[in-house]
Amino acid sequence: SVGQAQEKNRLLLTAFKLRFFEEVLKAKELIEQGSLGKILNFRLLFGGYMDMAGTWFVKKEISGGGVIMDNGPHAAALIQHLFGDIAGVSATALDAKNVGVEDTAKLTFSLKNGVTGTVDVSWAAWVTPAAYLEIYGEEGTLLLDGTGVTVKYKTWNDWRKIPNKGDAAAGFARQIDHFVKAIQENKTTMIDAQAGLKAQ
């Protein structure tokens, strides 16, 4: 698809929604400012109970796999966006609910800049923490959830919350605005076809 789009001079972009969410925008800003110092590692969780039995998600000939194929590209895209290019990934997986494909997995990422981290994905976990991403740096830590960023620097005694000003709908609105602008200007500023392909 990427090659065909280039041959025909067509715009192709991937809609990775998290890049447009306010807590991710804030985390990206703080990382780029150097507020956390050197990034040491991260833990990312995309989990929650979903009854996938009988759906196309568990038909390997259609989906290509299970929860890794469903949530893995979103995780990879977010990791690339925040921390840099991925050098390698390994995974262990489990079919806990006997749906025919993995419904729970742990992925370990190593980045070209030396940062490492883990990603947990699951359709079988009933209870998950509010923070879906934990970022650990030499100078401080960030916790991201759907309501904002919680931060603690090594010089602070307490955690502080930087709340999102809008909700998830505002994030999707930014994504749609970016899509419209990309069509108008025939270019994307958030994720191009090659980055989308890398994440997949």
Side-chain angles (χ1 to χ4, degrees), residues 14-28 39-111 115-136 141-152 159 161 163-164 167-172 175 191 195-200:
T14 310
F16 286 120
K17 64 183 181 180
L18 288 164
R19 291 181 182 226
F20 301 90
F21 282 15
E22 197 171 338
E23 67 272 11
V24 173
L25 294 169
K26 175 54 75 175
K28 177 83 168 166
I39 301 300
L40 303 174
N41 58 26
F42 60 85
R43 293 195 311 174
L44 175 61
L45 169 68
F46 289 151
Y49 184 79
M50 298 178 72
D51 185 4
M52 292 298 199
T55 68
W56 71 268
F57 290 92
V58 301
K59 294 178 179 167
K60 203 167 185 176
E61 66 279 8
I62 299 172
S63 65
V67 72
I68 293 175
M69 288 300 293
D70 183 31
N71 288 321
H74 289 283
L78 183 56
I79 289 164
Q80 282 181 171
H81 180 60
L82 290 176
F83 309 119
D85 288 332
I86 296 165
V89 61
S90 63
T92 55
L94 171 69
D95 182 2
K97 296 292 183 186
N98 296 313
V99 293
V101 291
E102 82 284 350
D103 59 18
T104 302
K106 179 178 284 295
L107 297 86
T108 302
F109 284 81
S110 57
L111 277 62
V115 173
T116 61
T118 58
V119 173
D120 290 288
V121 289
S122 182
W123 293 329
W126 277 98
V127 180
T128 59
Y132 64 85
L133 177 59
E134 303 170 10
I135 304 170
Y136 298 95
T141 296
L142 295 181
L143 307 177
L144 280 68
D145 65 55
T147 66
V149 174
T150 303
V151 60
K152 186 173 188 296
W159 292 87
K161 180 82 176 217
N164 288 346
D167 57 11
F172 285 115
Q175 184 180 20
I191 183 165
L197 181 62
K198 278 184 186 177
Q200 297 292 340

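- Residues M52 and D70 form a side-chain contact, since some pair of their non-hydrogen atoms from C-beta on lies under 4.5 Å apart.
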Worked check of side-chain contact (heavy atoms from CB on, under 4.5 Å) between V24 and L82: CA-CA 8 Å; V24 173; L82 290 176; 4.2 Å; yes

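- Remark: K152 NZ to L143 CG distance equals 11.0 Å, nearest 0.5 Å.
- Taking both residues in full, the closest heavy atoms of L40 and V115 are given as O-CG1, 4.2 Å, listed atom of the first, atom of the second, then distance.
- In this structure, K161 and T147 have side chains that are in contact, with non-hydrogen atoms separated by less than 4.5 Å.
- Looking at heavy atoms from C-beta onward, I39 lies out of side-chain contact with L111 at the 4.5 angstrom threshold.
- The aromatic rings of W126 and Y49 lie parallel to each other, with less than 30° between the two planes, well short of the 60° mark.
- Smallest separation of non-hydrogen atoms from W123 and N71: NE1-ND2, 4.2 Å.
- A distance of 15.5 Å separates OH in Y132 from CG in D120, rounded to the nearest 0.5 Å.
- With rounding to the nearest 0.5 Å, the separation of CD in E134 from OG1 in T118 is 8.5 Å.
- Remark: F46 CZ to L18 CG distance equals 4.5 Å, nearest 0.5 Å.
- Taking each heavy atom of H81 and K28 in turn, the nearest pair found is O-NZ, 2.5 Å.
- A parallel orientation is assigned to the rings of F42 and F83, their planes being inclined by less than 30° (bins at 30° and 60°).
- With rounding to the nearest 0.5 Å, the separation of NZ in K17 from NE2 in H74 is 6.5 Å.
- Rounded to the nearest 0.5 angstrom, T150 OG1 and D145 CG are separated by 5.5 Å.
- For the pair P129 and L45, the tightest heavy-atom approach, listed with the atom from each and the gap, is CD-CD2, 3.5 Å.
- Using modelled atom types, one side-chain atom of S63 and one backbone atom of F57 make a donor-acceptor pair closer than 3.5 Å.
- The shortest distance between side-chain heavy atoms of V89 and V119 does not fall below 4.5 Å.
- Annotation for K60: atom NZ does not count as buried by contact number, only 12 or fewer foreign heavy atoms lying within 6.0 Å.
- Across every non-hydrogen atom of E23 and L144, the tightest pair is O-CD2, 3.6 Å.
- The nearest pair of heavy atoms linking E102 to G65 is OE2-C, 4.1 Å.
- Inter-residue side-chain proximity for R43 and Y136 is flagged as met; some heavy-atom pair is nearer than 4.5 Å.
- The shortest distance between side-chain heavy atoms of T116 and T108 does not fall below 4.5 Å.
- With hydrogens and angles disregarded, a donor-acceptor distance shorter than 3.5 Å links the side chain of N164 to the backbone of G146.
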